[in-house]
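A, B, ... follow the sequence lines: proteins, then strands. Residue 1 opens every chain.
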2 protein chains.
Amino acid sequence: MDRKELFEKKPKIKINNKISFCPTSAAMELIGGKWKSVILTHLIGDKKRYNELRKEIPGITERTLSLQLKQLEADGMVNRRVFTKKPPLKVEYTLTEFGQTLVPILNLIVDWGLQAAETKGEFLFEETK
Amino acid sequence: MDRKELFEKKPKIKINNKISFCPTSAAMELIGGKWKSVILTHLIGDKKRYNELRKEIPGITERTLSLQLKQLEADGMVNRRVFTKKPPLKVEYTLTEFGQTLVPILNLIVDWGLQAAETKGEFLFEETK
DNA sequence: CGGCATCCGATCCGATACTG
DNA sequence: CAGTATCGGATCGGATGCCG
């Protein structure tokens with residue numbers, strides 16, 4: 001069935017047991033929310049450890065980072081690999097192959113955010129932490 | 001200041017009085033959430049009346065559609081125009097010029113959602129309403 | 001036709017403290 | 001180091017009814 005026919009039939013979409021009414025909302029179930037795309041953006045290119053992500057993503061709490069990573073893992077966007085069994089642990093997160101397919105969108109979103117800031121917003125630089 | 005320099009300084013970003021820590025979260029403040037990008041997608045190309053949107057977006061409630069449209073208007077993504085004063089009213093929504101800049105992202109998201117459904121999910125067709 | 005008002009449960013998410 | 005546990009406020013969003 002081609003795209004045109006799909007559009008006309010307006011099927012619901014089921015991904016990971018979540019049912020959506022259209023491709024857009026299906027996508028937003030996976031990458032929407034306040035933090036998911038931010039986390040994914042930071043995983044572009046490199047693997048990252050938990051605390052690296054925590055430091056690189058200002059404003060996020062441990063709890064939220066942990067929960068979001070777990071969801072991303074459950075949705076097949078992120079791999080979690082444990083390298084040591086005894087504390088101190090070493091855990092690395094990477095994008096899955098599926099997660100990689102998001103990279104073009106994430107890059108567009110970053111660009112758009114920058115441009116929106118330039119045209120409609122402002123940048124706040126802080127000398128004094 | 002060029003992009004590279006901007007990245008290194010990691011300024012906060014303020015758009016419409018909302019402060020974000022990076023371009024991605026700034027963007028997600030504007031287009032994130034369950035419904036905003038769905039609504040915007042339906043405004044691509046055509047102006048739409050309130051009830052048109054309601055019919056075309058299954059699963060959304062009047063209240064939510066109304067609230068989201070108001071936010072999109074406040075954020076400068078959508079124009080709301082009233083054409084009659086006495087009931088029955090005629091109200092049309094269109095993308096603003098700023099909203100138009102989102103179209104490439106929205107199209108990518110639709111494509112990605114379709115592809116995700118094809119590879120990781122399934123389509124549910126309903127003969128019986 | 002195009003909403004708004006109200007109520008209310010579900011969910012999100014921040015703060016804080018604790019653990020293998 | 002990489003989380004989990006618990007609490008609680010804020011926000012989301014569904015149901016319902018009303019209105020110019």
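Between B:Ile39 and B:Ile57, some side-chain heavy-atom pair lies under the 4.5 Å cut-off. For the pair A:Glu118 and B:Leu6, the minimum side-chain heavy-atom distance is below 4.5 Å. Considering only heavy atoms from C-beta on, B:Ile13 comes within 4.5 Å of A:Phe123 through its side chain. Contact annotation: the side chain of A:Leu30 approaches that of A:Lys18 to within less than 4.5 Å [non-hydrogen atoms, C-beta and beyond]. Taking the side chain as every heavy atom from C-beta outward, B:Trp35 and B:Leu69 never approach each other to under 4.5 Å.
Comparing A:Gln71 and A:Leu89, the nucleotide of DNA chain C nearest to each residue sits closer to the 5' end for A:Gln71. Nucleotides of DNA chain D nearest to A:Tyr93 and A:Arg63 differ in position, and the one nearer the 5' end is that of A:Tyr93.
Atom CD1 of A:Ile60 is separated from atom C1' of C:dG14 by 11 Å (rounded to the nearest Å). As a whole-Å value, the separation of A:Leu65 CG from D:dA5 C1' is 17 Å. The distance between atom CZ of A:Phe21 and atom C1' of D:dG14, rounded to the nearest whole Å, is 13 Å. D:dA10 atom P lies 19 Å from atom CG of B:Leu67, rounded to whole Å. Taking atom CD of B:Glu62 as the reference point, atom C1' of C:dC4 lies 10 Å away to the nearest angstrom. Nucleotide D:dC12 holds its P atom 15 Å from the CG atom of B:Leu69, rounded to whole Å. Distance, B:Lys34 NZ to D:dG13 C1': 7 Å, rounded to whole Å. The interatomic distance linking A:Arg81 (CZ) with D:dA2 (C1') rounds to 17 Å, in whole Å.
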| Can B:Leu40 and B:Val78 be said to form a side-chain contact (heavy atoms from CB on, under 4.5 Å), step by step? | CA-CA 8 Å; B:Leu40 292 170; B:Val78 159; 4.0 Å; yes

| Would B:Ile31 and B:Met77 count as a side-chain contact (heavy atoms from CB on, under 4.5 Å) if you check the C-alpha gap in whole Å, the side-chain angles of each, and the deciding distance to 0.1 Å? | CA-CA 9 Å; B:Ile31 63 169; B:Met77 327 270 286; 3.7 Å; yes

| request: Run the numbers on B:Thr101 and A:Gln115 for side-chain contact (heavy atoms from CB on, under 4.5 Å), then give the verdict. | output: CA-CA 10 Å; B:Thr101 63; A:Gln115 195 140 14; over 6 Å; no

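Contact check of residues 45-56 of chain B against DNA chain C (heavy atom, cut-off under 4.0 Å) returns B:Arg49, B:Tyr50, B:Asn51.
When the side-chain nitrogen and oxygen atoms of B:Lys36 are compared with OP1 and OP2 of D:dG13, none of them lie within a distance under 4.0 Å. Close to D:dG14, at under 4.0 Å from its OP1 or OP2, lies a side-chain N or O of B:Thr61. Side-chain N/O atoms of B:Lys70 include none lying less than 4.0 angstrom from OP1 or OP2 on C:dG3. The phosphate of D:dT4 (OP1 or OP2) has a side-chain N or O of A:Ser66 nearer than 4.0 angstrom.
Helix bend of the helix from C:dC1-D:dG20 to C:dG20-D:dC1: the angle between its two end axes, each built from five pairs, comes to 60° after rounding to 10°.
The neighbour count for B:Glu8 CD, taken as heavy atoms of other residues, nucleotides or ligands under 6.0 Å away, is above 12.
Rounding to the nearest 0.5 Å gives a distance of 9.5 Å between OG of A:Ser37 and CG of A:Leu72.
Residue B:Gln68 is in sugar-phosphate contact alone, with no base atom involved, counting any heavy-atom pair closer than 4.0 Å across all strands shown.
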